[in-house]
**Q** 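Handing you this structure, nothing more for now.
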Protein chains: 2
Amino acid sequence: MFDKAAGPEVLKQHNRQLVMSAIEAHTPVSRARLARYTKLSRTSISQIVDELLPTGIIRETGESVLTGGRPGLLLELNADAWHALGVELRDTEWVVVITNLAGKICRQLNIPAEYKSPEDTFRTLGQKLAAIIKQTEYKLLPAVGVGVPGIVDEEAGVIIQSEDRGWVDVPVRRLLEKEISLRALVINRHIAGGLAESRYGAGAGKSHVIYVGVDTGVVAALLIDGQLYKGHAYGSGQIGHITAVPDGPLCSCGNRGCLELVASGRALVRLYGEKAGLSGNTGSITVESICQAAMRGEKIALDCLEEMAGHLGIAIANLINIFNPNGVVIGGSVLQHNDLLFNMIKKVIEQRTLKYHLSRTTLSPGHFRHNAGSVGTAALVLDHKLGLLFNHERAVHIQIKGAPIREKSRT
Amino acid sequence: MFDKAAGPEVLKQHNRQLVMSAIEAHTPVSRARLARYTKLSRTSISQIVDELLPTGIIRETGESVLTGGRPGLLLELNADAWHALGVELRDTEWVVVITNLAGKICRQLNIPAEYKSPEDTFRTLGQKLAAIIKQTEYKLLPAVGVGVPGIVDEEAGVIIQSEDRGWVDVPVRRLLEKEISLRALVINRHIAGGLAESRYGAGAGKSHVIYVGVDTGVVAALLIDGQLYKGHAYGSGQIGHITAVPDGPLCSCGNRGCLELVASGRALVRLYGEKAGLSGNTGSITVESICQAAMRGEKIALDCLEEMAGHLGIAIANLINIFNPNGVVIGGSVLQHNDLLFNMIKKVIEQRTLKYHLSRTTLSPGHFRHNAGSVGTAALVLDHKLGLLFNHERAVHIQIKGAPIREKSRT
DNA sequence: CGGGCTATGTAAAAGTTGTTGACAAAGGTA
DNA sequence: TACCTTTGTCAACAACTTTTACATAGCCCG
């Protein structure tokens, strides 16, 4: 509960974070106003700003405001001073992105996925990342976000288990750090998608966000006070195996009628095949083709979407009643083709959620498309930017491109 | 996200809390061992202990241990130095308890409930509490926990809305503080039950606890790192209105097939009436009589319980998949008669929860009976004990029975 | 039985961090 | 030009913590 002893350096870190957030929120802002926003003294603000300035993360725009007295020196986020590297390991491709400090994508690279043994997979990935790091002109924060399938021990950087790939206890951080000199921050790739939406997408500015990602499977990410909720053993948000149809078909997990069996990309294709009477031969049918058919008004396709929306809507309504969020984002590849499914889900949610909860939350479709996951991994790096720039323990051993990190000798 | 500026006093408060928790956890313990547990220096421990001792909350038992060197002076929680007052407003009675610092009930008083207008209700309650406070021989912490029905703004001490009583925006704290000189800490009464179980009951020692209370309705409480999760607007845990049967009967909330309609004390009585063919005439049937019938092996009663267990089991299994707790407690008045229902629910949960999650959590029946709620309100007071003893802002204006609060002049 | 060893509790000094109060700087206004 | 308001910084001070040193207290062993 109360885990760690706290010394003055904890204060410093907290207040530095506080000031940084305030600068980002009110962007061109004087020291004096920062003091009022954060309730720190002007003196403390000055001292913290003096530490931030030499890292380049913020800059003085010299401008001033017209107010009754002496004009202030405006500070703003210097969004392009540093960049974050993130990669999502999707089923068919590895999506690498480089974003600036504002979460804007500056480079994106889609590499065909090469899955072999865990060791070989991450050696290959590491080598490709090393090449990218070497040739990029951007000054990178000394970490890389890695979005992987499965349940991840984020502290250790280890995949505990991944059903999709059949992996168990893969020490991703250790494997990657053999190839590259950046700290590897490992996270579940769907959860990363939720992080992206909550920081820079449809959930921006909300404190309690539920993100539901509908891809081949279904996963939820829960953000409490802007922080990802991880559960006791990094297993939070597994809504794919919620019971949606109590006496439904058997699932690979051992349960019956899991949500994933009746509401996911995979389920959609199967369902359409069944309704269209194409026994087995679903080869040419894809989520995309079904969505397009629905757009044209095809009855079968619409029915399939409606059925999925019923299940998803109930699941999400239940989540809202339990969590009482102020923002709900529904994303994932199945939603990215058009708004039909989202609107159907929304209608169900509106029927099935308590008025109190419904009136206090917003429902939005995801803002990012197939790169939500990769942006999220970069967002994870950005979340640690101050730690990476100031804390030598968490930062890496080598300097990237002569980054002018203030050494601040403390030994 | 990062809300408040932090000064040195925040450190102090945190570390004081840390030391107190460590003392409670390892109870007879020397200063030196505390230093090792908390990772604070021996000096700091001594200073904090010197502040705690005069409050009476801990004491030196003078004893010593046999270890290689000089024996330490053992410290232990002085559980009977202070007591906490809590009250739960149940439908038919108001349950007042006084517990010691270890959460043990020292006095319990069941007052017949008198519900009138909100103002009159809380004036009456306040007067009864005032009488209790005046005549008790216990030294009370300067606060009273108040467990009420409905959604509560805990910061303001206001009931936002209570469907059961038809109340809206009732300023409970203000009303009570007119009658008594203790700070009123207001909380939902079912949530309080979860707090009791997680602190002093079946969930003791677990970091991530789900508590499900089955009474006339059904409510869940979620505890994350030992702290109650409140949601964005204090609306968390409303599982009573989760959709359990998509095309079920209409609920007063506007939705169909809410869990509360098929799995709760009220539902059990209705269900039994239906199955037994007693149309309407359910007057003599109670939850207790049904449970006793089930114990005798009566088929209808067992079927009713089985049906309820199916719905509750699915709901709880879903919660576990989403939350990944390490402890699940199922309590409430419906469970208190025997273990039949609990075991049925447990079986369903074991079938429907992901293996990963199931193997990392424990399922237990509630430890408290009809006084879980009131113990929880007292627990809420105990959670604030250090704040109440040290922080003048949060404490009350008058001293209780000449409490020897160290004044620690700071001005 | 006294010296050596280990561990505990405390006191003094030093190093963080923050705030307060004073002051010069910079602009608007009478 | 005199006065007011606001801003940014400097010096002094207050609240934490840790480090270092030391007296204390029991045990073991020669």
Side-chain angles (χ1 to χ4, degrees), chain A residues 2 4-19 23 26 28-53 58 60-75 386 390-392 408-411, chain B residues 2 4-19 23 26 28-53 58 60-75 386 390-392 408-411:
Chain A
F2 285 87
K4 275 182 271 214
E9 69 286 354
V10 174
L11 279 194
K12 192 58 187 275
Q13 210 161 315
H14 176 96
N15 287 335
R16 199 150 45 197
Q17 198 68 257
L18 179 70
V19 170
I23 294 176
H26 305 281
V29 62
S30 70
R31 290 165 175 81
R33 298 189 77 117
L34 280 175
R36 285 200 292 274
Y37 289 134
T38 61
K39 287 175 180 151
L40 286 162
S41 66
R42 282 190 315 219
T43 314
S44 297
I45 296 289
S46 275
Q47 212 218 311
I48 291 175
V49 165
D50 284 349
E51 277 176 37
L52 291 175
L53 276 173
I58 59 172
E60 229 158 16
T61 49
E63 318 283 316
S64 29
V65 247
L66 16 159
T67 148
R70 165 179 168 181
L73 308 175
L74 290 180
L75 301 164
L386 291 184
F390 287 95
N391 273 15
H392 279 230
K408 231 267 161 180
S409 71
R410 164 134 13 135
T411 56
Chain B
F2 286 87
K4 274 180 273 218
E9 68 287 350
V10 173
L11 279 194
K12 190 60 185 278
Q13 209 161 312
H14 176 98
N15 287 336
R16 198 150 48 198
Q17 198 68 256
L18 179 71
V19 170
I23 293 176
H26 304 282
V29 63
S30 70
R31 290 166 175 78
R33 298 188 77 114
L34 281 175
R36 285 200 291 274
Y37 288 134
T38 62
K39 287 174 180 153
L40 285 163
S41 66
R42 285 195 313 238
T43 315
S44 297
I45 296 288
S46 273
Q47 212 219 312
I48 291 175
V49 165
D50 284 349
E51 276 177 36
L52 292 175
L53 276 173
I58 60 172
E60 228 159 16
T61 49
E63 318 282 316
S64 30
V65 246
L66 16 159
T67 148
R70 164 181 170 180
L73 308 174
L74 290 180
L75 302 164
L386 291 184
F390 286 96
N391 273 14
H392 279 230
K408 230 268 165 180
S409 71
R410 165 127 19 130
T411 55

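In the text below, chain A, chain B and the rest are named by the order of the sequence lines, each starting its count at 1.
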**Q** A:Glu9 CD to C:dT17 P: how many Å, rounded?
**A** 8 Å
**Q** For the side chain of B:Arg31, starting at C-beta, report the closest nucleotide among D:dC16, D:dA23, C:dT10.
**A** C:dT10
**Q** Among D:dG8, C:dG18, D:dT18, which is the nearest nucleotide to the side chain of B:Ser41?
**A**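 The nucleotide sitting nearest to the side chain is D:dT18.
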**Q** Could you state the atom-to-atom distance from CD1 of B:Ile45 to P of D:dT19 in whole Å?
**A**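 Going from CD1 in B:Ile45 over to P in D:dT19 covers 13 Å.
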**Q** Closest nucleotide of DNA chain C for A:Gly68 versus for A:Lys39: which of these residues is on the 5' side?
**A** A:Lys39
**Q** Can you find a donor-acceptor N/O pair under 3.5 angstrom joining the side chain of B:Thr43 to the base of D:dT17?
**A** no
**Q** If I take atom CD in residue A:Glu51 and atom C1' in nucleotide C:dT17, what distance separates them, rounded to the nearest angstrom?
**A** 11 Å
**Q** Expressed as a whole number of angstroms, how long is the span from B:His14:NE2 to C:dT17:P?
**A**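 Atom-to-atom, B:His14 to C:dT17, this comes out as 17 Å.
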**Q** Do A:Phe390 and A:Leu52 come within less than 4.5 Å of each other through their side chains, counting heavy atoms only?
**A**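 Yes, close enough: below the 4.5 Å cut-off.
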**Q** Kindly point out which of C:dG27, C:dG18, D:dG8 is positioned nearest to the side chain of A:Pro71?
**A** C:dG27
**Q** What is the distance, to the nearest angstrom, from the CD atom on B:Gln47 to the C1' atom on C:dA12?
**A** 14 Å
**Q** Just to confirm, is there a sub-4.0 Å distance from OP1 or OP2 of C:dG9 to any side-chain nitrogen or oxygen of B:Ser46?
**A** no
**Q** Which heavy atom of A:Gly72 sits nearest to which heavy atom of A:Ser30, and what is that distance?
**A** CA-CB, 4.0 Å
**Q** Does D:dT6 have OP1 or OP2 under 4.0 Å away from a side-chain N or O of A:Arg33?
**A**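 Answer is no, no contact under 4.0 Å.
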**Q** With a 4.5 Å cut-off on side-chain heavy atoms, are A:Leu75 and A:Thr61 touching?
**A**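 No, every pair of side-chain atoms sits at 4.5 Å or beyond.
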**Q** Under 4.0 Å between a side-chain N or O of B:Arg36 and OP1 or OP2 of C:dT8?
**A**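 Yes.
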**Q** Please report the distance, rounded to the nearest Å, between CD in A:Gln13 and P in C:dG18.
**A** 12 Å
**Q** With distance as the sole criterion, do the side chain of B:Arg70 and the base of C:dT8 form a donor-acceptor contact below 3.5 Å?
**A** yes
**Q** Can a side chain N or O of B:Asn15 be found less than 4.0 Å away from OP1 or OP2 on D:dC16?
**A**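 Checking D:dC16 against B:Asn15, no side-chain N or O comes under 4.0 Å of OP1 or OP2.
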**Q** Record whether the side chain of A:Arg42 comes under 3.5 Å of the base of D:dG8 through a donor-acceptor pair of N or O atoms.
**A** yes
**Q** Let me know the distance between NZ of A:Lys4 and C1' of D:dT17, rounded to the nearest Å.
**A** 18 Å
**Q** Rounded to whole Å, please give me the gap between CG in B:Leu74 and P in C:dG9.
**A** 8 Å
**Q** Can you confirm whether A:His26 sits close enough to A:Leu34 that some side-chain heavy atom of one is under 4.5 Å from a side-chain heavy atom of the other?
**A** no
**Q** With the side chain counted from C-beta on, respond yes when A:Leu73 and A:Arg31 share a heavy-atom pair under 4.5 Å apart, and no when they do not.
**A**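 The answer is yes, as the side chains (C-beta and beyond) meet within the 4.5 Å cut-off.
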